[in-house]
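Shown next, in structure tokens, is the structure this report addresses.
Small disclaimer: the values here were computed from a predicted structure and weren't measured.
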Amino acid sequence: MNLADALIHVPQDERGGEIAIRGFEYQRCWAIDELLNRHKKNESYVFIPEYHDDVLILNSSESPTMATFAQVKTRDTHWTITPLIKSDGEGKLSFISKLFKHKYDFSSYKTDLTFITNAVFKFFDKYEFNADELKVSEKDKILDAVKTQLPGFGSPDLSSLKFKTSNLSLLDYDAHLLGKTVEYLEDTKASEVINAMAFKRTLVDLFEKKTRVSSREIKSFKELIDKKGISNDLIAKLISEIKSLKTSFPDWEKISILLSVLHKDEFETLMLKIKYELFLVNVKDINSIEYDFYRLLKQKRINEKFNAENIPVHIEEMISYALEESDEFRQLIDDDYKYIMACCAVIEKMSGNEAKK
């Protein structure tokens, strides 16, 4: 059995977090920060929230050979060894024992265990370290607790357990994540075409959506990736779509020429220019209704060359195509707004056709 199959067939421990979303904002923010760091390095990854643990990270969306099980916990004060190894009752596992159980459940595969937190560790003077670096007395406490809570599993490999204090503050982690997002966009030369606030919100919403998917829905590794996974391919596709949309808006000069061809008078043109300027502002938000509507307009295939006679027909066809997706568009976007967005999409298509010649 390979790792992909094992992840589906090995029973999970109790995962109350996926049933009732308990406000794991910090957990999501840490995962997004880690994801952006990996994406910037062009790594292959899949982040899967609330599956086997708080966050499961794989090194491939097709044939993973490495799994990282991460617990992300917050605390108002520093950590000592005791709360990390303490069991909450008979049959209950401590934070550390839960992590080592993954090591035993997937003993035939390469795995890493990570405990992430906002607080510092009082028992060690580093922000990131492995358990085998601790003093002998501290290591013995961990070993004894794990052996007691997981009898019959043998002695745990402390070198496989990493402790890490995240640089995301518990007080303003959302603002900190925005800063990390801005940094990522600047480092990847994408800050001019991607709005950092909207991009961060999109990633947060994506993690929340994936978290809400119940493990009961997962029947295969492909379903796990499709329904709960956030891979480097998915993020690359999202960024590419945003860049494609943001870099190709027609300027007003081209729009006004088209409106003249369409026999719009001065007043109609003025009203449409107001809508055009509003569109340019709102479409930059990838969570906006303008973004979704414009994306659908561009998806409508036009199989003939544009001319003055057929452009009005194609504008109506594109609008009808987009409206089929949701009644929300019909209710929230007025006719002039739809029309000017369709004009922008027509010019994009005309420019694309000329570029292909």
Side-chain angles (χ1 to χ4, degrees), residues 185 190-206 209 237-357:
L185 294 175
S191 58
E192 293 185 2
V193 292
I194 298 180
N195 178 277
M197 177 68 80
F199 185 51
K200 185 215 74 170
R201 188 164 65 246
T202 295
L203 294 176
V204 170
D205 290 345
L206 180 60
K209 176 183 176 182
K237 181 180 178 182
L238 176 63
I239 292 173
S240 177
E241 288 178 349
I242 297 170
K243 285 183 175 180
S244 174
L245 181 61
K246 295 300 181 62
T247 57
S248 55
F249 299 129
D251 57 35
W252 178 249
E253 182 179 358
K254 292 179 180 177
I255 295 293
S256 61
I257 293 173
L258 176 60
L259 294 178
S260 177
V261 171
L262 295 169
H263 308 294
K264 298 297 180 182
D265 61 34
E266 290 185 1
F267 180 76
E268 289 174 316
T269 299
L270 175 61
M271 297 304 296
L272 288 169
K273 184 177 182 181
I274 294 173
K275 297 294 184 181
Y276 169 79
E277 292 173 347
L278 180 63
F279 163 68
L280 289 184
V281 173
N282 291 336
V283 76
K284 293 178 181 180
D285 184 349
I286 53 182
N287 299 288
S288 68
I289 192 170
E290 289 88 349
Y291 179 93
D292 289 336
F293 189 74
Y294 192 62
R295 177 176 54 82
L296 289 168
L297 290 172
K298 293 173 62 178
Q299 286 179 3
K300 178 68 172 74
R301 295 179 65 86
I302 305 295
N303 296 319
E304 65 177 334
K305 186 176 180 179
F306 287 104
N307 57 52
E309 286 72 34
N310 67 26
I311 285 179
V313 175
H314 290 314
I315 286 177
E316 293 304 319
E317 289 177 345
M318 293 166 68
I319 292 174
S320 296
Y321 173 82
L323 290 176
E324 289 176 1
E325 287 294 314
S326 173
D327 288 337
E328 186 180 39
F329 296 139
R330 197 182 307 276
Q331 297 167 3
L332 299 180
I333 305 178
D334 66 41
D335 290 341
D336 283 348
Y337 209 4
K338 298 186 191 87
Y339 190 86
I340 198 64
M341 284 192 272
C343 288
C344 290
V346 164
I347 291 179
E348 276 204 54
K349 288 181 177 293
M350 293 173 68
S351 301
N353 290 340
E354 287 298 318
K356 293 176 182 177
K357 290 183 178 179

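With rounding to the nearest 0.5 angstrom, the OG1 atom of T202 is 11.5 Å from the CE atom of M197. Atom NZ of residue K300 and atom CD of residue E324 lie 9.0 Å apart, to the nearest 0.5 angstrom. Considering CG of L280 and CD of E290, their distance stands at 11.0 Å, rounded to 0.5 Å. The line from OG of S288 to CG of L332 is 12.0 Å long, rounded to the nearest 0.5 Å. Separating the CG atom in D336 from the CD1 atom in I340 is a distance of 8.5 Å, to the nearest 0.5 Å. Note that the CD1 atom of I302 and the CE atom of M318 stand 6.0 Å from one another [nearest 0.5 Å].
Looking only at side-chain heavy atoms (C-beta outward), I347 and F249 stay at 4.5 Å or farther from each other. Looking at heavy atoms from C-beta onward, K349 lies out of side-chain contact with V346 at the 4.5 angstrom threshold. Looking only at side-chain heavy atoms (C-beta outward), V281 and E277 stay at 4.5 Å or farther from each other. At least one side-chain heavy atom of V313 sits under 4.5 Å from a side-chain heavy atom of E317. Two residues are said to be in side-chain contact when any heavy atoms from C-beta on lie closer than 4.5 Å; L297 and Y321 fail this criterion. A heavy-atom distance below 4.5 Å is found between the side chains of L238 and F199. Side-chain atoms of S260 and T269, non-hydrogen and from C-beta on, never get closer than 4.5 Å to each other.
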(request) Applying salt bridge (Lys or Arg N to Asp or Glu O under 4.0 Å), run through R295 and D292 and close with a yes or a no. (result) CA-CA 5 Å; R295 177 176 54 82; D292 289 336; 3.7 Å; yes
(request) I would like to know whether L296 and Y291 meet side-chain contact (heavy atoms from CB on, under 4.5 Å); could you show each step before the answer? (result) CA-CA 9 Å; L296 289 168; Y291 179 93; over 6 Å; no
(request) Please report the C-alpha distance between V283 and M341 in whole Å, then the side-chain angles of each, then the deciding distance to 0.1 Å, and finally whether the side-chain contact (heavy atoms from CB on, under 4.5 Å) criterion is met. (result) CA-CA 10 Å; V283 76; M341 284 192 272; over 6 Å; no
(request) Please lay out, stage by stage, how Y339 and L262 fare under the test side-chain contact (heavy atoms from CB on, under 4.5 Å). (result) CA-CA 12 Å; Y339 190 86; L262 295 169; 3.2 Å; yes
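Stacking of K298 on the aromatic ring of F293 is not recorded, the 6.0 Å distance cut-off and the 45° axial limit not both being met.
The salt bridge (Lys or Arg N to Asp or Glu O under 4.0 Å) analysis of residues 193-205, with sequence neighbours excluded, yields the pairs D174-K200, R201-D285.
Note: W252 and Y276 have tilted aromatic rings, judged against thresholds of 30 and 60 degrees for the angle between ring planes.
In plain terms, the two heavy atoms of L259 and C343 that are nearest each other are CD2-SG, 4.1 Å. Minimum interatomic distance between I315 and A342 (heavy atoms only, all atoms of both residues): CG2-CB, 3.8 Å. Summarising the geometry of F306 relative to N310, their closest heavy-atom pair is CA-OD1, 3.5 Å, with the distance given to 0.1 Å.
Salt-bridge annotation for K338 and D335: present, with a side-chain N of the basic residue lying under 4.0 Å from a carboxylate O of the acidic one.
Remark: side-chain polar atoms of S320 are paired, donor with acceptor, to backbone N or O of E316 under 3.5 angstrom. At distances below 3.5 Å, not a single donor-acceptor pair connects side-chain atoms of K254 with backbone N or O atoms of C344.
Judged by distance alone, the side chains of E348 and Y294 do bring a donor and an acceptor atom under 3.5 Å apart.
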